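Side-chain atoms are counted along with the backbone in the values below, which use heavy atoms only and exclude waters and symmetry mates. All ligand and atom numbering here is 1-based and tracks the order in the structure. Only a predicted model underlies this, so the values are computations on that prediction, with no experimental measurement involved.
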Amino acid sequence: MTRLQWRTAGESHGPTLIGIVEGVPAGLQLDVERVDAELARRQLGYGRGGRMRIETDRVEILSGWKGGVTIGAPIAFAVKNKDSVMERLPTPTNPRPGHADLAGCQKWGHRDPRAVLERASARETAARVAAAGIARQVIEAFGVEVFGYLTGLGGVRCDPGAWGAAEGRRVDVRASSEFLSLDPAADASMREAVDQAREAKDSLGGTFEVRALGLPPGLGSCASGPERLTSRLGGALFSIPAIKAVEFGLGMEVAERRGSAVHDGIVPGGAAGAFARSSNRAGGLEGGMSTGEPLVVRAAMKPIPSIRQGMPSVDLHTGEAVEATYQRSDVTSVPACSVVGEAVVALTLAEAFLEKYGGDSMDQVAAALAHHREELRRLGRPEGVQEG
Ligand code: EPS
């Protein structure tokens with residue numbers, strides 16, 4: 001059995017983005033429309049730039065399936081760029097503060113920021129969303145749902161109770177917000193913030209939250225740091241360009257409360273027939289493992305570094321102080337980032353899920369999960385008491 005792994009390649013204005021997802025069990029009926037729906041969602045959000053009007057991202061599956069069903073082999077895919085103009089684009093000489101331009105030139109010894117920025121562009125996240133669109137179908141088949149939504153933009157905060165209020169209609173509520181939030185009543189203020197930032201030739205950041213429902217307890221491990229689900233989810237979210245902060249459950253607030261107001265009581269009962277929690281302040285993680293409660297993670301995205309008003313920079317050829325060149329850009333892409341956040345969380349959970357219940361086929365995974373569920377039920381009964 002191959003561990004679930006994925007890798008992407010491709011430049012923003014190159015011919016195509018590509019990716020490989022390895023370790024998807026055989027026997028999964030792959031829903032390509034499901035992948036395309038996520039790609040289309042990543043293109044949404046008020047405040048995006050001209051590029052999203054050029055592209056219509058679609059996945060093309062190139063290997064690893066037969067008759068629409070996975071065969072256990074690596075799944076290669078492409079998401080083609082319509083704006084494939086890299087060789088014709090000008091060479092900027094002045095790196096943008098906030099982007100990878102300067103650090104990348106210093107790393108590889110280029111005087112051409114384009115040789116860095118084409119790969120560093122957040123366009124790469126289209127390939128990640130496609131990879132996740134494939135991998136998440138494994139865990140969705142076992143009842144795990146991963147759901148991301150915007151929680152704030154440019155200082156405008158969405159209703160913190162929006163998740164609860166939207167119960168049962170979350171997909172529809174999120175689709176009705178042009179910022180992909182669960183609080184469409186905040187859309188008008190966010191639209192105004194975007195328009196004002198555009199007027200001021202500036203850009204905006206924001207926050208989003210991702211929740212995962214239906215996770216079994218015990219994914220990840222407390223045995224070694226790198227195996228902790230917390231560190232893996234944090235690493236996955238920090239691997240998205242422009243993410244500056246990640247927090248789980250209560251997050252930074254844990255530092256200000258007493259222990260009794262931070263930890264979640266363990267109580268009898270619960271959906272798994274085992275034990276339940278009196279609250280979920282930990283955000284579904286304890287000891288680096290899933291608790292079986294919903295996973296709750298938030299992240300903050302900084303404003304986009306391509307800003308029209310310019311920022312101080314230096315010409316890499318003359319060494320003189322200049323202004324960073326403006327490249328066509330979005331005012332904000334936090335709504336899209338919430339889709340990418342959801343995608344990387346889904347990928348990480350699929351990895352951890354298959355590590356625990358891994359098998360070469362979906363049937364083998366189902367058997368391992370059923371076995372663990374039975375063990376959880378036994379653990380929830382007093383010793384010696386038979387199921388009755
Ligand atoms: C993006 C495509 C890019 C940008 C954006 C994300 O297109 P272009 O560079 O042609 O305008 O819109 O990239 C960035 C914000 C960035 O800083 O790199 C996409 O497909 O999401």
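- At a heavy-atom cutoff of 4.0 Å, ligand 1 is contacted by no atom of Q43, backbone or side chain.
- Residue-ligand proximity: M52 is placed with a non-hydrogen atom under 4.0 Å from ligand 1.
- Taken from OG in S306 to CG in D330, the straight-line distance is 8.5 Å, to the nearest 0.5 Å.
- Residue nearest to atom 14 (C) of ligand 1, selected from A120, S12, P305, A122: A122 (by heavy-atom distance).
- Protein heavy atom in closest approach to atom 10 (O) of ligand 1: R328 NH2, 2.5 Å.
- For residues 140-155, the set of pairs meeting the salt bridge (charged side-chain N to carboxylate O under 4.0 Å, His left out) definition, not counting sequence neighbours, comprises R34-E140, R136-E140.
- Of the candidates R211, R42, R174, E342 forms a salt bridge (Lys or Arg N to Asp or Glu O under 4.0 Å) with just one, namely R174.
- Looking only at protein heavy atoms, the nearest one to atom 7 (O) of ligand 1 is R51 CG, 3.3 Å.
- Residue V246 is not grouped with residue F147 when hydrophobic side chains (ILVMFWY) are merged at heavy-atom distances under 4.5 angstrom, including chains of intermediate members.
- Shortest contact from atom 13 (O) of ligand 1 to any protein heavy atom: S121 OG, 3.6 Å.
- Among all non-hydrogen protein atoms, the one lying nearest atom 6 (C) of ligand 1 is R48 NH2, 3.6 Å.
- Side chain of S121 to backbone of E11: no donor-acceptor contact under 3.5 angstrom is found.
- Both the backbone and the side chain of R123 come within contact range of ligand 1, each with a heavy atom under 4.0 Å.
- In terms of N/O distances under 3.5 Å, ligand 1 is not approached by D83.
- Using a 4.0 Å cut-off between heavy atoms, D330 contacts ligand 1 through its side chain alone, with no backbone atom that close.
- What sits closest to atom 21 (O) of ligand 1 on the protein, heavy atoms only, is R42 NH1, 2.7 Å.
- Considering only non-hydrogen protein atoms, atom 9 (O) of ligand 1 sits nearest to H13 CE1, 3.6 Å.
- In this structure, the side chain of T16 does not engage the main chain of I18 through any donor-acceptor pair within 3.5 Å.
- With K356 contributing its side chain and H372 its backbone, the two residues share no donor-acceptor pair below 3.5 Å.
- Under 4.0 Å from ligand 1, the heavy atoms of H99 that appear belong solely to its side chain.
- Between the R119 side chain and the G10 main chain, a donor and an acceptor come within less than 3.5 Å of each other.
- For R170, the CZ atom is densely surrounded, since the number of other residues' heavy atoms within 6.0 Å is greater than 12.
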